[in-house]
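Proteins come first, then strands; the chains are lettered A, B, ... in the order of their sequence lines, and each starts at number 1.
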2 protein chains.
Amino acid sequence: MERPEAYPITYGVLGLLAFCGPMTGYDLKRMFDHILSPMWGATQSQIYKELKRMQELGWVEMQREEQESRPDRKIYSMTEAGREALAHWQTQPPTFFQLRDELLLKLLFGSFGSPEALLANIREGIRFHEQRLLAHRQNASLIPPANQPHQPSGRPDPYAAPAEPDIYFRLITRFAIALEKTYLNWLQEAQETIEQEQED
Amino acid sequence: MERPEAYPITYGVLGLLAFCGPMTGYDLKRMFDHILSPMWGATQSQIYKELKRMQELGWVEMQREEQESRPDRKIYSMTEAGREALAHWQTQPPTFFQLRDELLLKLLFGSFGSPEALLANIREGIRFHEQRLLAHRQNASLIPPANQPHQPSGRPDPYAAPAEPDIYFRLITRFAIALEKTYLNWLQEAQETIEQEQED
DNA sequence: TGTCGCATGTAACCCGTTACATGATTTC
DNA sequence: GAAATCATGTAACGGGTTACATGCGACA
């Protein structure tokens with residue numbers, strides 16, 4: 001079997017370019033963290049790697065915008081071949097699903113540590129997921145993805161006026177919110193259970 | 001900064017040895033898939049790598065059990081140093097949380113594909129997560145983790161008589177079930193939304 | 001006859017992470 | 001004066017995946 005020419009993260013970056021219009025690698029990272037955080041993670045380096053890969057595949061084009069006293073901005077945009085690759089990928093069944101959560105891992109083996117440490121970690125987890133819930137709720141009302149062509153003078157603005165958000169984006173946001181609520185409810189339950197376990 | 005001596009997956013394997021008692025690498029893989037599937041993934045190779053790592057750290061010991069006409073069974077067990085490492089890890093705050101889900105990724109960029117392909121992927125996702133829900137429900141009633149010493153003649157049996165399952169294991173199972181239910185509910189909602197979108 | 005379970009791994013690859021490097025501008 | 005933002009990356013490392021290799025016994 002040959003190695004695949006592209007991976008889920010490749011299509012994540014490609015899809016963002018399709019979704020939000022041309023952008024720099026730097027902007028892609030910020031968009032990625034906002035929009036794809038419920039289903040994938042990416043570092044800045046990885047995004048630059050994927051851009052290079054897609055340039056070689058002919059899925060994206062780069063256009064240089066000169067700047068003084070700063071590195072030139074390199075604006076990437078999806079090509080026709082990129083659009084075809086994205087559409088073809090859509091027809092294939094997904095193969096990857098995985099949650100990796102160190103808090104759950106520590107909780108599972110809770111009997112080998114102290115309840116105090118566990119409870120501290122749970123409280124921290126509650127704060128963390130409350131932040132995520134808040135972020136997704138703000139996403140829901142603030143980020144309007146639109147297939148606008150690139151505005152040469154400005155950068156993509158995640159806080160632009162809400163134009164009519166894509167139905168798939170709305171669905172994903174609903175999922176993200178539902179997931180965080182489920183997680184938070186369960187954390188609260190776990191906290192109470194462990195506190196009760198302590199009093200005996 | 002130095003590289004860490006161990007990673008979440010290391011503690012996952014170590015915790016399993018603490019939780020279920022001594023086992024072979026082969027058995028660890030099966031246990032991992034049953035018990036840790038809600039919070040981490042592991043391949044067989046990775047488990048062998050972690051066993052090697054932990055042997056060098058002195059966290060586990062290996063005991064060879066000879067067999068005819070099959071490779072010798074190598075039974076790994078946690079050492080006292082391993083128990084200390086597990087306990088110390090419990091006191092540190094968790095740092096990693098990430099969901100990676102190709103189905104969600106395809107759905108987010110659904111507007112660049114056909115609704116038919118999307119719906120097919122969603123139906124497949126429903127089957128997949130129904131399976132997971134079922135597996136967690138069976139886990140809940142069937143797998144009783146106990147800190148039993150290793151029985152030299154037999155292998156760890158996931159279907160042994162239910163002794164009184166660990167409260168943390170019960171909590172995790174409840175989480176896994178709640179997560180799958182949330183996911184399934186949302187998939188159904190997404191399916192209906194996209195079907196309605198088609199009729200216009 | 002062929003696939004599945006048991007049981008050991010190794011080799012190759014690369015995604016993903018961490019750390020490093022540069023440097024002007026703005027904000028505290 | 002320090003830290004954050006903008007904006008580009010590269011280098012090194014290793015976790016994680018896929019594929020390969022071996023070989024017996026049981027079961028369809």
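Atom pair B/Trp40:CH2 and D/dG15:C1' shows a separation of 10 Å (rounding to whole Å applied). Atom CZ of A/Phe32 and atom C1' of C/dG16 are 11 Å apart (whole Å). Here the P atom of nucleotide D/dT8 and the CD atom of A/Glu65 are 10 Å apart, to the nearest Å. Between the P atom of D/dT18 and the NZ atom of B/Lys29 lies a distance of 10 Å, rounded to the nearest Å. Atom OH of B/Tyr7 is separated from atom P of C/dC15 by 19 Å (rounded to the nearest Å). Between the CD1 atom of A/Ile9 and the C1' atom of D/dG16 there is a distance of 14 Å, given to the nearest Å. To the nearest angstrom, C1' of C/dG16 lies 16 Å from CG of A/Leu36. One atom, CZ of B/Arg3, and another, P of C/dC20, lie 10 Å apart when rounded to the nearest Å.
Of the candidates D/dA7, C/dC13, D/dT8, the closest approach to any side-chain atom of A/Lys74 belongs to D/dT8. Distance from the side chain of A/Arg30 is smallest for D/dC6 among the nucleotides D/dT8, C/dC13, D/dC6.
The side chain to side chain donor-acceptor pair (under 3.5 Å) analysis of residues 96-108 of chain B, with sequence neighbours excluded, yields the pairs A/Trp89-B/Glu102, A/Thr95-B/Glu102, B/Asp101-B/Tyr183. Sequence neighbours left out, the pairs with a member in residues 51-88 of chain A that pass ring-ring contact (aromatic ring centres under 6.0 Å, His included) are A/Tyr11-A/Trp59. Legend: salt bridge (charged side-chain N to carboxylate O under 4.0 Å, His left out) pairs involving residues 112-122 of chain B, not counting sequence neighbours: none detected. Screening residues 37-51 of chain A for salt bridge (charged side-chain N to carboxylate O under 4.0 Å, His left out), with sequence neighbours left out, gives A/Glu50-A/Arg53. For residues 118-128 of chain B, the set of pairs meeting the side chain to side chain donor-acceptor pair (under 3.5 Å) definition, not counting sequence neighbours, comprises B/Glu124-B/Arg127.
If you check every strand for non-hydrogen atoms under 4.0 Å, A/Gly41 touches nothing. The residue A/Tyr76 sits close only to the backbone: its heavy atoms come under 4.0 Å of sugar-phosphate atoms, none of a base. Backbone-only contact: A/Arg100 has heavy atoms under 4.0 Å from sugar-phosphate atoms and none from a base.
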I'd like a table of donor-acceptor pairs (distance under 3.5 Å, sequence neighbours excluded) in which one partner is a side-chain atom from residues 171-179 of chain B, with atom names and distances.
| residue | atom | partner | partner atom | Å |
| --- | --- | --- | --- | --- |
| B/Thr173 | OG1 | B/Phe169 | O | 2.9 |
| B/Arg174 | NE | A/Glu189 | OE2 | 2.5 |
| B/Arg174 | NH2 | A/Glu189 | OE2 | 3.2 |

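Phosphate contact (OP1/OP2 of D/dT17, side-chain N/O of A/Gln98, threshold under 4.0 Å): present. The phosphate of D/dT8 has neither OP1 nor OP2 within less than 4.0 Å of any side-chain N or O from A/Tyr26. Residue B/Arg73 places at least one side-chain N or O under 4.0 Å from the OP1 or OP2 atom of C/dA7.
Residues passing the side-chain hydrogen bond (donor to acceptor under 3.5 Å, both in side chains) test with B/Asp33, sequence neighbours excluded: B/Lys29. Not counting sequence neighbours, the partners of B/Ser45 by the side chain to side chain contact (heavy atoms under 4.5 Å, CB included) test are B/Thr43. Here A/Lys74 pairs with nothing under the salt bridge (charged side-chain N to carboxylate O under 4.0 Å, His left out) rule; sequence neighbours left out.
A heavy-atom distance below 4.5 Å is found between the side chains of A/Ile126 and A/Glu130. Taking the side chain as every heavy atom from C-beta outward, B/Phe19 and B/Asp166 approach each other to under 4.5 Å.
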So which protein N/O to nucleotides 21-25 of chain C N/O distances come out below 3.5 Å?
| residue | atom | partner | partner atom | Å |
| --- | --- | --- | --- | --- |
| C/dA24 | O4' | A/Ser69 | O | 3.3 |

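If you look at A/Tyr7 and A/Trp40, their ring centroids are not closer than 6.0 Å.
For the helix from C/dT1-D/dA28 to C/dC28-D/dG1, the terminal axes (five pairs an end, C1' atoms, rotation from four pairs onto the next four) enclose an angle of 40°, given to 10 degrees.
Of the residues in residues 43-56 of chain B, those with a non-hydrogen atom less than 4.0 angstrom from any atom of DNA chain D are B/Thr43, B/Ser45, B/Gln46, B/Lys49, B/Arg53.
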